[in-house]
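Working notes, beginning with the structure itself.
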Amino acid sequence: MEMDWIWGLLGGLMIGGAGALYLLGNGRIMGVSGIAGGLIDGSSRSARAEGLAFLAGLIALPALLHLSGAIPVATHITSNIALIIAGGLLVGLGTRIGNGCTSGHGVCGISRLSPRGIVATLIYIAAGAVVVVALRSLVGGL
Amino acid sequence: MRIILALIVGAIFGAGLHISGMTDTNKVQGFLDFFGAWDPTLAFVMGGAIVPMAIAWSLTRKRQPVLGGEFPQRPDPVIDRKLSIGAMLFGAGWGLVGLCPGPAIASISYGGLGGLIFLVAMVAGMRAAPPAKRLLDSRTAAA
């Protein structure tokens, strides 16, 4: 548990390294909601094959790490189906209306000092914190 | 080549999310729980990710992407209603369940039924976004 921050830092460096490769190699921003959303609503056009390959890698390596038993992870997702559906709808809708999520606005936006990325990140962290505090105090758990 | 690089980028990104604990909803909701037992891991992930990314942005000046194409233009620094409402809705959903799009997709193989239901709902939300955006645009134009 005390070592979690090292894993966080290491994983973060990998995430940023991946984003750097995508930017310098393909000239693209590694934003998951943009890549997935573009494939879903058909707005990605020329980036279709790259987007699908990106998603394949994103699914395959964690699957390998988990299923091989090398680094198993529990998601601890809530068993409350209503919460899951509401959360999924809000995340899908919000990231596409606001044009980015944690990877696009957070990692790629803040690192280029984009005012939009910084403002969006402050807003979604604040909104998330309000909801978590409300869940903890009103429902008494998550 | 571009497609192979995209696959590698996705894989490194997925592994980074996986080992950093970001596919564990407890760690994400723990980070958002500023007044409870705060878990700072997500801040280390963000900080770690921003460093290589900032270096990459600095290298984009006076250059072209190695595999062709153009670097993305800087978007107009407009903080409009779509950005703030979108970020607010996203943050609320993120807090409710503890998943954002990257980890939701990366954990598809081990997220169980709950993870799959979240993904289906997220795709539905993404599908609903273009008309919702048009509505926000038309209301802004009318105001």
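All of these numbers come straight from a predicted model, not from anything done at the bench. Just so we're on the same page: letters track the sequence lines, and every chain starts at 1. These numbers come from the heavy atoms of this one structure, side chains and all, not from hydrogens, waters or symmetry mates.
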Is there a donor-acceptor pair closer than 3.5 Å between any side-chain N or O of [X] and the backbone N or O of [Y]?
X: B:K27; Y: A:D4; result: no
X: B:W57; Y: A:C108; result: yes
X: B:T23; Y: A:T75; result: no
X: A:R112; Y: B:A54; result: no

Max heavy-atom pair count under 4.5 Å with chain B, selected residue of [options]:
options: A:G106, A:S43, A:G88; value: A:G88
options: A:L55, A:I77, A:N80; value: A:I77
options: A:G17, A:C101, A:A63; value: A:C101
options: A:G87, A:A126, A:G31; value: A:G87
options: A:L64, A:I110, A:I84, A:V130; value: A:I84
options: A:N99, A:I97, A:I71; value: A:I97

What pair of heavy atoms forms the shortest contact from [X] to [Y], and how long is it?
X: B:A87; Y: A:A120; result: CB-O, 3.6 Å
X: B:I3; Y: A:A49; result: CD1-CB, 3.6 Å
X: B:S84; Y: A:I123; result: CB-CD1, 3.6 Å
X: A:M14; Y: B:I12; result: O-CG2, 3.4 Å
X: A:R96; Y: B:A129; result: CB-CB, 3.3 Å
X: A:A86; Y: B:L96; result: CB-CD1, 4.0 Å

Between [options], which residue shows the highest count of heavy-atom pairs closer than 4.5 Å to chain A?
options: B:G112, B:P130, B:A132, B:G93; value: B:G93
options: B:G47, B:A92, B:P77; value: B:A92
options: B:V78, B:L119, B:L59; value: B:V78
options: B:G69, B:G98, B:C100, B:G102; value: B:G102
options: B:V66, B:I4, B:T60; value: B:V66
options: B:G14, B:P101, B:S58, B:S107; value: B:P101

### Query
Can you say whether the rings of A:H66 and B:H18 are parallel (under 30°), tilted (30 to 60°) or perpendicular (over 60°)?
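Answer is perpendicular, since the angle exceeds 60°.
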### Stepwise side-chain contact (heavy atoms from CB on, under 4.5 Å) test for A:M30 and B:F13
CA-CA 9 Å; A:M30 189 187 72; B:F13 179 42; 3.7 Å; yes
Working to the nearest 0.5 angstrom, can you tell me the gap between [X] [atom1] and [Y] [atom2]?
X: B:S109; Y: A:I59; atom1: OG; atom2: CD1; result: 8.5 Å
X: B:L42; Y: A:T102; atom1: CG; atom2: OG1; result: 8.0 Å
X: B:T41; Y: A:M3; atom1: OG1; atom2: CE; result: 12.0 Å
X: A:L135; Y: B:D33; atom1: CG; atom2: CG; result: 10.0 Å
X: A:I15; Y: B:M22; atom1: CD1; atom2: CE; result: 8.0 Å
X: B:L89; Y: A:T95; atom1: CG; atom2: OG1; result: 10.0 Å

Applying the 4.5 Å side-chain criterion to the ILVMFWY set and letting contacts propagate, would [X] and [Y] be lumped into a single cluster?
X: A:I29; Y: A:I35; answer: yes
X: B:I19; Y: A:L13; answer: no
X: A:Y22; Y: A:L52; answer: yes
X: A:L21; Y: B:M1; answer: yes
X: B:I108; Y: B:V120; answer: no

Given side chains that start at C-beta, do those of [X] and [Y] come closer than 4.5 Å, heavy atoms only?
X: A:L23; Y: B:F71; answer: yes
X: A:L83; Y: B:F118; answer: no
X: A:L93; Y: B:F90; answer: no
X: A:L9; Y: B:V45; answer: no
X: B:P65; Y: A:N26; answer: no
X: B:P40; Y: A:W5; answer: no
X: A:I85; Y: B:I117; answer: yes
X: B:T25; Y: A:T78; answer: no

### Query
Residue by residue, which of residues 121-128 of chain B have a heavy atom closer than 4.5 Å to a heavy atom belonging to chain A?
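Under the 4.5 Å heavy-atom cut-off, B:A121, B:M122, B:V123, B:A124, B:G125, B:M126, B:R127, B:A128 qualify.
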Of the backbone (N, CA, C, O) and the side chain (C-beta and beyond), which part of [X] lies under 4.5 Å from a heavy atom of chain B, both, or neither?
X: A:V119; value: side chain
X: A:S103; value: side chain
X: A:L61; value: side chain

Please classify the contact between [X] and chain A as side chain, backbone, both or neither, with a heavy-atom cut-off of under 4.5 Å.
X: B:L113; result: neither
X: B:M88; result: both
X: B:I105; result: both

### Query
Going through the distances and angles, do B:D80 and A:R116 end up as a side-chain contact (heavy atoms from CB on, under 4.5 Å)?
CA-CA 9 Å; B:D80 56 7; A:R116 285 173 54 84; 3.9 Å; yes
### Message
Under a 3.5 Å threshold, yes or no: a donor from one side chain and an acceptor from the other, between A:W7 and B:S20?
### Response
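Checked: A:W7/B:S20 side chains show no N/O donor-acceptor pair below 3.5 Å.
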### Task
In sequence, state the C-alpha distance, the side-chain angles, and the governing distance for B:L83 and A:H105, and then conclude on side-chain contact (heavy atoms from CB on, under 4.5 Å).
CA-CA 10 Å; B:L83 185 82; A:H105 279 316; 3.5 Å; yes
### Message
Heavy-atom count check: over 12 atoms from other residues, nucleotides or ligands less than 6.0 Å from B:R74 CZ?
### Response
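More than 12 within 6.0 Å, yes.
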#### Entry: Residue pair A:L90, B:W94: steps toward the side-chain contact (heavy atoms from CB on, under 4.5 Å) verdict
CA-CA 8 Å; A:L90 285 167; B:W94 193 39; over 6 Å; no
